[in-house]
Protein chains: 2
Amino acid sequence: MILPSEDAGVGQSTYETLRTDIIFGRLAPASKLKLDDLRDTYGASVSTIREALNRLTTEELVLAEGQRGFFVAPMTAKDLVEIADLRILLECHALTLSFANGDTEWEGRIVSAHHKLHRMEQRMAANDVSVRESWKQYDWEFHQALISACDSASLLSLHGSVFDKYLRYQMRSLTFRGDKAAREHREMLDAAMDRDSERAKTILRSHIEGGVRHCLNNPNVLPNR
Amino acid sequence: MILPSEDAGVGQSTYETLRTDIIFGRLAPASKLKLDDLRDTYGASVSTIREALNRLTTEELVLAEGQRGFFVAPMTAKDLVEIADLRILLECHALTLSFANGDTEWEGRIVSAHHKLHRMEQRMAANDVSVRESWKQYDWEFHQALISACDSASLLSLHGSVFDKYLRYQMRSLTFRGDKAAREHREMLDAAMDRDSERAKTILRSHIEGGVRHCLNNPNVLPNR
DNA sequence: TGTGACGCAATAATCGATTATACGCAAGCG
DNA sequence: CGCTTGCGTATAATCGATTATTGCGTCACA
């Protein structure tokens with residue numbers, strides 16, 4: 001997900017930049033995406049911009065309304081709950097498969113990812129807000145590592161897409177919920193080493209549901225109404 | 001899904017036509033999609049074609065390889081199994097939600113969809129192969145009706161996308177498996193009327209797994225190797 | 001003063017042309 | 001004789017221009 005890759009063409013990098021700009025909230029939910037403006041901002045022709053927007057439309061990060069142009073997908077409480085529900089469904093399923101399948105390499109990936117995530121959590125706890133985005137990046141890498149042995153490219157891809165939509169809501173909650181979340185990450189690490197997928201799933205569910213509650217209670221997250 | 005809508009612009013209808021052409025096998029798996037050829041075939045400019053292909057790339061019905069163009073997504077046994085697994089996961093979950101939520105309108109949609117599907121199944125059983133595509137259309141409508149009360153647009157959208165990828169494999173099995181499938185449809189209808197989601201899920205799982213076995217045993221479905 | 005038709009400005013959709021990249025073949029060199 | 005390097009063609013990527021649509025503001029008329 002997330003990281004724009006260097007070498008790619010204009011089209012690919014425009015797509016990636018637009019995507020992260022939506023996920024990280026630099027493009028406001030429900031705002032109009034005017035092609036001419038975007039061309040100036042992103043330094044690509046309208047055709048290229050349209051290509052990127054069309055791809056984002058399929059992912060439902062952008063809405064295309066008839067002949068009336070493109071809009072950033074709005075953010076609503078209902079959508080958040082739906083997305084979280086899907087993330088739980090997909091990630092729990094992947095967890096089961098992955099725990100049954102994982103080898104020592106897999107364990108190594110998890111330990112490594114957790115270590116890096118933990119470092120970021122420490123910096124976040126020390127109010128070093130500059131690492132917000134990389135913290136979320138490492139959060140993704142950890143969750144990704146846990147399910148990386150599920151042996152289903154389709155499942156991983158679908159999960160990645162849902163995760164990013166969930167992330168868009170997370171990114172708007174400016175307050176740090178790290179204490180509880182960090183403990184849950186630690187517990188999932190332990191459960192993974194024990195290959196106890198039921199325990200991991202229980203923790204994951206409450207991990208995500210906690211994140212949802214945190215967002216719903218946070219007035220920054222849902223601007224409308 | 002499926003049906004190309006009339007009124008839309010060139011871009012939308014090109015996208016829909018390309019999509020159904022891939023799903024229904026009119027464009028061979030793994031074949032190269034040359035832009036100039038497609039422009040002639042579909043009567044739209046390269047930019048418009050590219051727009052459509054980019055959208056299909058996001059859905060993983062088309063693969064975009066670096067600067068080397070577009071390819072129809074290949075079909076493999078592993079992909080079929082993964083997609084079927086996802087369909088079971090998503091559709092079972094949606095079934096649970098829908099059965100808990102559905103009102104009388106919902107029941108009406110199911111009864112109606114089943115009736116139309118049943119008619120098609122009869123014609124298929126009588127070797128009227130001309131209705132193959134509409135039969136699959138009604139199959140989709142029935143499954144869609146069952147989960148239509150799940151009250152999650154995101155889940156329905158994700159399910160639709162996975163269903164269509166599954167359908168691509170189904171469309172290649174030229175032999176009719178309708179007898180068993182028709183019975184399962186009937187049983188799901190009954191389970192829906194009884195609001196017995198556990199029963200419906202059991203049937204659905206074996207319904208889909210039966211379809212997968214049928215495809216895996218059918219040499220028409222997986223051309224490679 | 002309200003309403004509807006008209007036209008203008010803004011913006012989207014679509015296109016064809018231009019530039020860049022990749023691939024195959026052939027010629028030169030080891 | 002095989003490998004590499006350079007050239008030409010085929011194809012993709014990107015762009016700017018052209019056409020179509022929409023939405024708003026204004027003016028005429030009831």
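Any value given below was found using the heavy atoms of this structure, including those in side chains, with hydrogens, waters and symmetry copies removed. Proteins come first, then strands; the chains are lettered A, B, ... in the order of their sequence lines, and each starts at number 1.
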Donor-acceptor pair between R39(A) and S45(A) side chains, under 3.5 angstrom
no
List, one per line, each side-chain donor-acceptor pair under 3.5 Å for residues 51-59 of chain B, sequence neighbours excluded.
residue: E51(B); atom: OE1; partner: R50(A); partner atom: NH2; Å: 3.2
residue: E51(B); atom: OE1; partner: N54(A); partner atom: ND2; Å: 3.1
residue: E51(B); atom: OE2; partner: R50(A); partner atom: NE; Å: 2.7
residue: E51(B); atom: OE2; partner: R50(A); partner atom: NH2; Å: 3.3
residue: N54(B); atom: ND2; partner: E51(A); partner atom: OE1; Å: 3.2
residue: N54(B); atom: ND2; partner: R50(B); partner atom: O; Å: 3.0
residue: R55(B); atom: NH1; partner: Q12(B); partner atom: OE1; Å: 3.1
residue: T57(B); atom: OG1; partner: L53(B); partner atom: O; Å: 2.8
residue: T58(B); atom: OG1; partner: N54(B); partner atom: O; Å: 3.3
residue: E59(B); atom: OE1; partner: R19(B); partner atom: NE; Å: 3.1
residue: E59(B); atom: OE1; partner: R19(B); partner atom: NH2; Å: 2.9
residue: E59(B); atom: OE2; partner: Y15(B); partner atom: OH; Å: 2.4
residue: E59(B); atom: OE2; partner: R19(B); partner atom: NE; Å: 3.4

Between E65(B) and R68(B), is there a salt bridge with N-O shorter than 4.0 Å?
yes
Any residue meeting ring-ring contact (aromatic ring centres under 6.0 Å, His included) with F99(A), in chain and number order, not counting sequence neighbours:
W106(A)
Carefully, step by step, assess E209(A) and R213(A) under the rule salt bridge (Lys or Arg N to Asp or Glu O under 4.0 Å).
CA-CA 6 Å; E209(A) 278 160 9; R213(A) 271 195 306 278; 5.1 Å; no
Expected string for nucleotides 9-23 of chain C under the B/S/- scheme (protein heavy atoms, under 4.0 Å, primed atoms plus P, OP1, OP2 as sugar-phosphate) is --SSBBBB----SSS
